[in-house]
*Asks:* 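Before anything else, here's the structure in question.
As the structure is a computational prediction, the values presented were derived from the model and not from experiment. Just so we're on the same page: letters track the sequence lines, and every chain starts at 1.
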Amino acid sequence: MDGLRFLVVDDSLLTIKRVSALLADLGHQVVGTAGTGRQAVAAYEDCKPDIVTMDITMPDMNGIEATRLIMEKYPEARIIMVTSHGQERMVIDSLAAGAKGYVLKPIKPDKLADMIGKVVVTPEPA
Amino acid sequence: MTKIPGDLKFDRLMGALLERTVSFLGEELNASVLKTVASQTVASDPELRDMTAIVGIGGRLNVLVALSFDKAFAGTMYARMSEGLDIAPDEESLYRRDAAADLVNEIVGNCAAAFADVDEAIELSPPIILEGGRNIRIPKNAEYRGMCVKTDIGVVDIGFFGPREFF
């Protein structure tokens with residue numbers, strides 16, 4: 001599971017740096033970043049990462065809509081929602097959009113590592 | 001502003017927000033709360049501290065939450081949230097604003113789960129950051145009420161802007 005390529009999506013540059021540092025500590029590589037949902041869709045097409053970490057509340061287009069658009073075009077995409085929004089409805093909507101997992105901020109390194117492990121073993125659609 | 005649900009008024013929302021703020025400060029910033037002081041409801045424009053992060057809570061609620069930090073709190077918050085990160089000096093002001101935005105996002109976002117019985121799909125707006133002590137103009141027919149939280153790293157005010165019936 002070492003050395004996976006990540007796209008980190010968040011409207012906070014500080015969060016992007018913090019998530020990137022956590023991923024580097026876990027042995028992974030950040031190959032792209034985006035600050036809005038619309039940028040995330042474009043960045044996915046550019047860098048084709050192994051996994052996306054996706055915020056929900058963002059200007060321009062939210063993370064659930066961006067997930068839906070990415071999954072429509074790339075059903076093999078693996079997206080983990082990383083968000084502060086704690087409502088169950090958001091989890092349900094994220095999974096319905098195609099996300100493979102959900103990690104609540106503030107991010108705990110062990111929780112993120114566990115979720116990456118679960119997402120990696122999730123079989124890809126045929 | 002829309003009608004506030006009768007079972008979700010200021011006291012309940014402030015209670016949840018204060019509880020989450022205290023735990024967040026301890027867990028994430030290693031800060032301790034020394035004292036909390038409640039303010040009166042005011043219809044005039046409240047005075048903000050050095051840096052303020054405002055989030056809109058949508059859905060059935062439709063109120064604004066403001067966390068306003070004094071200079072000492074904002075400085076320590078940034079130092080602890082950016083610890084170990086490589087940030088260029090000329091980008092620091094940008095990251096200071098993001099630290100305030102992240103804090104209000106995480107505190108208010110985490111609280112949303114506590115109100116699923118009233119609104120299972122609470123919408124949160126991206127935060128707005130205001131810098132410099134100033135008065136903020138409150139919307140017509142709205143009021144402000146808050147709580148001052150004194151900590152060992154500085155002071156933060158938690159405040160709500162909403163219609164009178166919210167308070």
*Asks:* Heavy-atom count around B/Lys71 NZ within 6.0 Å, excluding the residue itself: above 12?
*Replies:*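 12 or below, so no.
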*Asks:* Which bit of B/Asp102 is near chain A, if near means a heavy-atom gap under 4.5 Å: side chain, backbone, both or neither?
*Replies:*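 The answer is the side chain of B/Asp102.
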*Asks:* Is there a continuous path of hydrophobic side-chain contacts, each under 4.5 Å between heavy atoms, that joins B/Phe73 to B/Val22?
*Replies:*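 Linked, B/Phe73 and B/Val22 end up in one cluster.
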*Asks:* Give a yes or no on whether A/Glu88 atom CD has more than 12 heavy-atom contacts from other residues, nucleotides or ligands under 6.0 Å away.
*Replies:*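 No, because the 6.0 Å sphere around CD of A/Glu88 holds 12 heavy atoms or fewer from other groups.
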*Asks:* Kindly give the heavy-atom pair with the smallest separation between A/Pro106 and B/Asn110, and that separation in Å.
*Replies:*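 So the minimum-distance heavy-atom pair works out to CD-OD1, 3.7 Å.
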*Asks:* Measure distances from A/Leu104 to the heavy atoms of chain B and classify the residue's part below 4.5 Å as side chain, backbone, both or neither.
*Replies:*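 Contact with chain B involves the side chain of A/Leu104 alone.
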*Asks:* Is the count of non-hydrogen atoms from other residues, nucleotides or ligands lying under 6.0 Å from B/Asp90 atom CG greater than 12?
*Replies:*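 Result for CG/B/Asp90: enclosed.
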*Asks:* Backbone N or O of A/Lys105 within a donor-acceptor pair of the B/Glu106 side chain at under 3.5 Å?
*Replies:*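 Here the side-chain-to-backbone pair does not exist.
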*Asks:* Taking everything shown except A/Lys111 itself, do over 12 heavy atoms lie less than 6.0 Å from its NZ?
*Replies:*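 Open.
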*Asks:* Answer yes if B/Val155 and B/Leu48 sit in the same cluster of Ile, Leu, Val, Met, Phe, Trp and Tyr residues linked by side chain heavy atoms under 4.5 Å apart, and no otherwise.
*Replies:*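 No: no chain of side-chain contacts under 4.5 Å links B/Val155 to B/Leu48.
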*Asks:* Salt-bridge test for A/Arg18 and B/Glu83: reply yes if a basic N is under 4.0 Å from a carboxylate O, no otherwise.
*Replies:*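 Between B/Glu83 and A/Arg18 there is no salt bridge, as every charged N stays at least 4.0 Å from the carboxylate O atoms.
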*Asks:* Between B/Leu85 and A/Leu14, is there a side-chain heavy-atom distance shorter than 4.5 Å?
*Replies:*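 A side-chain contact under 4.5 Å exists here.
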*Asks:* Against chain B, label A/Met58 side chain, backbone, both or neither, depending on which of its atoms sit under 4.5 Å from a heavy atom there.
*Replies:*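 It is the backbone, since no side chain atom gets that close.
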*Asks:* With chain A as the partner, which of B/Pro127, B/Ser125, B/Ala99, B/Ala121 has the greatest number of non-hydrogen pairs under 4.5 Å?
*Replies:*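 The residue among B/Pro127, B/Ser125, B/Ala99, B/Ala121 with the greatest pair count is B/Ala121.
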*Asks:* Rounded to the nearest 0.5 Å, what separation is found between the CD1 atom of A/Ile107 and the CD atom of B/Glu28?
*Replies:*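 It comes to 10.0 Å.
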*Asks:* Distance check, rounded to the nearest 0.5 Å: B/Ile87 atom CD1 versus A/Lys17 atom NZ?
*Replies:*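 So the CD1 of B/Ile87 and the NZ of A/Lys17 are separated by 6.0 Å.
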*Asks:* Under 4.5 Å between side-chain heavy atoms, hopping through other hydrophobics if needed: is there a path connecting A/Val31 to A/Val19?
*Replies:*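 Different hydrophobic clusters.
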*Asks:* Taking atom OG of A/Ser84 and atom CG of B/Leu103, what is their separation to the nearest 0.5 Å?
*Replies:*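 That separation rounds to 10.5 Å.
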*Asks:* What's the separation between atom CG in B/Asn105 and atom CG in A/Asp11, rounded to the nearest 0.5 Å?
*Replies:*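 If I round to the nearest 0.5 Å, the distance is 7.0 Å.
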*Asks:* For a quick test of reading the model, state the closest non-hydrogen atom pair linking A/Gly86 to B/Ala113 and the distance between them.
*Replies:*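 Shortest heavy-atom separation between A/Gly86 and B/Ala113 comes out as O-CB, 3.2 Å.
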*Asks:* Provide the closest heavy-atom pair for A/Pro59 versus B/Pro126 in the form atom of the first, atom of the second, distance.
*Replies:*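 That would be N-CG, 3.9 Å.
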*Asks:* Of the backbone (N, CA, C, O) and the side chain (C-beta and beyond), which part of B/Ile107 lies under 4.5 Å from a heavy atom of chain A, both, or neither?
*Replies:*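 Neither part; nothing is under 4.5 Å.
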*Asks:* Heavy-atom count check: over 12 atoms from other residues, nucleotides or ligands less than 6.0 Å from A/Ile92 CD1?
*Replies:*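 Yes, because the 6.0 Å sphere around CD1 of A/Ile92 holds more than 12 heavy atoms from other groups.
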*Asks:* For B/Glu19, does the CD atom have more than 12 heavy-atom neighbours from other residues, nucleotides or ligands under 6.0 Å away?
*Replies:*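 For B/Glu19, atom CD is not crowded (no more than 12 foreign heavy atoms under 6.0 Å).
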*Asks:* Could you state whether B/Leu67 and B/Val33 fall into the same hydrophobic cluster, counting links through intermediate Ile, Leu, Val, Met, Phe, Trp or Tyr residues with side-chain heavy atoms under 4.5 angstrom apart?
*Replies:*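 The answer is yes; both residues are in one hydrophobic cluster.
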*Asks:* Please report the interatomic distance CD(A/Gln87) to SG(B/Cys111), rounded to the nearest 0.5 Å.
*Replies:*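 Atom-to-atom, A/Gln87:CD and B/Cys111:SG are 11.0 Å apart.
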